[in-house]
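Working notes, beginning with the structure itself.
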Amino acid sequence: ISFNAIDSALSSLKNCQSYIDSGMDVATQVALDLVESFNDEEDVNNMEKVMLEYATMDRELNHYIKAFEETINQVKREKPENLPDLENLAQEKFLEMESKNSDSDLQRNEKYMYFKDQLKEMKKQYHGNDTIEEIDEDIAVTRSQMNFICPITQMTMKRPVRNKVCGHSYEEDAILEMIQTQKQKKKNVRCPKMGCSHVDVKGSDLVPDEALKRVIDSQNKQ
């Protein structure tokens with residue numbers, strides 16, 4: 001097996017990774033659809049199992065890629081007179097990485113964490129108000145609509161993003177502009193949500209708040 005063959009194999013593996021990412025995105029959307037249409041909890045749990053299977057594939061693929069990259073770098077660094085069996089070397093490294101696997105690796109997969117977070121938010125938005133609505137529908141509606149307002153623009157959000165650190169949501173353009181403005185002044189951005197103590201909002205901490213967007217959209221349709 002040659003360096004060129006490995007390079008070509010690596011680029012194929014990285015393509016596979018984009019398929020796994022897409023699959024996880026689709027599974028997340030399906031799970032949110034299920035919660036939105038009040039489907040059986042078991043169906044939602046099945047989507048979580050699908051996400052864990054994807055996370056397992058993602059971990060395995062990452063280990064393959066890393067094992068081959070480390071093997072190539074090692075051989076290039078050591079420059080042995082006789083080229084060793086690269087495939088065997090990579091396989092050894094791969095098996096060593098796989099032997100250290102644990103369930104917590106899967107729980108820490110970024111897309112799986114996003115899935116759990118959005119699912120929790122979705123359940124809160126759709127099922128969390130049930131008891132309040134029984135007491136006073138007006139209060140429930142007012143409370144939920146308050147969550148739709150961006151703390152920066154004071155308008156209903158169209159593309160909400162959620163801060164992974166403090167859990168607050170903002171209009172995407174508004175928060176990114178705020179981060180950019182403060183960056184030019186070499187200052188940190190404090191979370192604009194009143195009462196929040198988080199003082200360093202970063203663009204990399206923001207994720208699309210799909211659950212909130214769905215609730216806002218469905219409210220607008222009504």
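The figures here come from the full heavy-atom set of this structure, side chains too, leaving out hydrogens, waters and symmetry mates.
- Counting heavy atoms from C-beta outward, Asn101 and His63 have side chains that approach closer than 4.5 Å.
- Here the straight-line distance linking atom CZ of Phe115 with atom CD of Glu48 works out to 5.5 Å at 0.5 Å rounding.
- Here Tyr114 is tied into one hydrophobic group with Val207, each link being a pair of ILVMFWY side chains closer than 4.5 Å.
- Nearest heavy atoms, Ile216 versus Pro160: CD1-CG, 4.5 Å.
- In this structure, Thr56 and Asn109 have side chains that are not in contact, with every pair of non-hydrogen atoms separated by 4.5 Å or more.
- Looking only at atom types and distance, the side chain of Gln74 has a donor-acceptor partner in the side chain of Lys93 under 3.5 Å away.
- Nearest approach of Glu210 to Gln118, heavy atoms of both residues: N-OE1, 2.7 Å.
- A salt bridge links Arg59 with Asp105: at least one charged nitrogen is closer than 4.0 Å to a carboxylate oxygen.
- Open room surrounds CD on Glu110; 12 or fewer heavy atoms of other groups in view lie less than 6.0 Å from it.
- When atom types are taken as modelled, the side chain of Asn73 and the backbone of Glu70 share no donor-acceptor pair closer than 3.5 angstrom.
- Among pairs with a residue in residues 21-35, those fulfilling salt bridge (Lys or Arg N to Asp or Glu O under 4.0 Å) read Asp25-Lys111, Asp33-Arg214, at least two apart in sequence or across chains.
- For Lys76, the NZ atom sits in a packed shell: over 12 heavy atoms of surrounding residues, nucleotides or ligands are nearer than 6.0 Å.
- Salt bridge present: Lys123 and Glu41 bring a charged side-chain N and a carboxylate O closer than 4.0 Å.
- Within the structure, the ring-ring contact (aromatic ring centres under 6.0 Å, His included) test picks out the following pairs touching residues 71-97 (sequence neighbours left out): Tyr64-Phe94.
- Annotation for Val199: hydrophobic cluster partners, listed by chain and number, are none (ILVMFWY side-chain heavy atoms under 4.5 Å, direct or chained).
- Two different hydrophobic clusters hold Ile20 and Met97 under the rule that ILVMFWY side chains link at heavy-atom gaps under 4.5 Å.
- Shown here for Val189 and Ile179, the closest heavy-atom pair between the two residues is CG2-CA, 3.6 Å.
- The hydrophobic cluster containing Leu89 also contains Leu95, counting ILVMFWY residues as joined when their side-chain heavy atoms lie under 4.5 angstrom apart, directly or transitively.
- In terms of hydrophobic clustering, with Ile, Leu, Val, Met, Phe, Trp and Tyr side chains grouped at heavy-atom distances under 4.5 Å, Val161 and Met122 are assigned to different clusters.
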Enumerate, atom names and distances included, each donor-acceptor pair closer than 3.5 Å involving a side-chain atom of residues 10-17, sequence neighbours excluded.
| unit_1 | atom_1 | unit_2 | atom_2 | d |
| --- | --- | --- | --- | --- |
| Ser11 | OG | Ser8 | O | 3.0 |
| Ser12 | OG | Ser8 | O | 3.2 |
| Lys14 | NZ | Glu69 | OE2 | 3.1 |
| Gln17 | NE2 | Asp58 | OD1 | 3.3 |
| Gln17 | NE2 | Asn62 | OD1 | 2.8 |

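- Taking hydrophobic clusters as Ile, Leu, Val, Met, Phe, Trp and Tyr residues chained together by side-chain heavy-atom distances below 4.5 Å, Tyr54 shares a cluster with Leu119.
- Within the 4.5 Å cutoff, the side chain of Cys150 has no heavy atoms near those of the Gln154 side chain.
- Here the closest non-hydrogen pair linking Pro80 and Pro84 is CG-CD, 3.8 Å.
- The CE atom of Met157 sits 9.5 Å away from atom CD1 of Ile152, with the distance rounded to the nearest 0.5 Å.
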In a table with atom names and distances, give each donor-acceptor pair under 3.5 Å that connects a side chain of residues 167-178 to protein atoms at least two apart or in another chain.
| unit_1 | atom_1 | unit_2 | atom_2 | d |
| --- | --- | --- | --- | --- |
| Ser169 | OG | Asp209 | OD2 | 2.7 |
| Tyr170 | OH | Asn163 | ND2 | 3.3 |
| Glu171 | OE1 | Lys158 | N | 2.6 |
| Glu171 | OE2 | Arg159 | N | 3.0 |
| Glu172 | OE1 | Arg159 | NE | 3.0 |
| Glu172 | OE1 | Arg159 | NH2 | 2.7 |

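- When every heavy atom of Ala90 is checked against every heavy atom of Thr71, the shortest pair comes out as CA-OG1, 3.3 Å.
- Minimum heavy-atom separation, Asp200 to Asp205: O-OD2, 4.3 Å.
- With respect to Glu96 and Lys100, a salt bridge is recorded, a charged nitrogen being found less than 4.0 Å from a carboxylate O.
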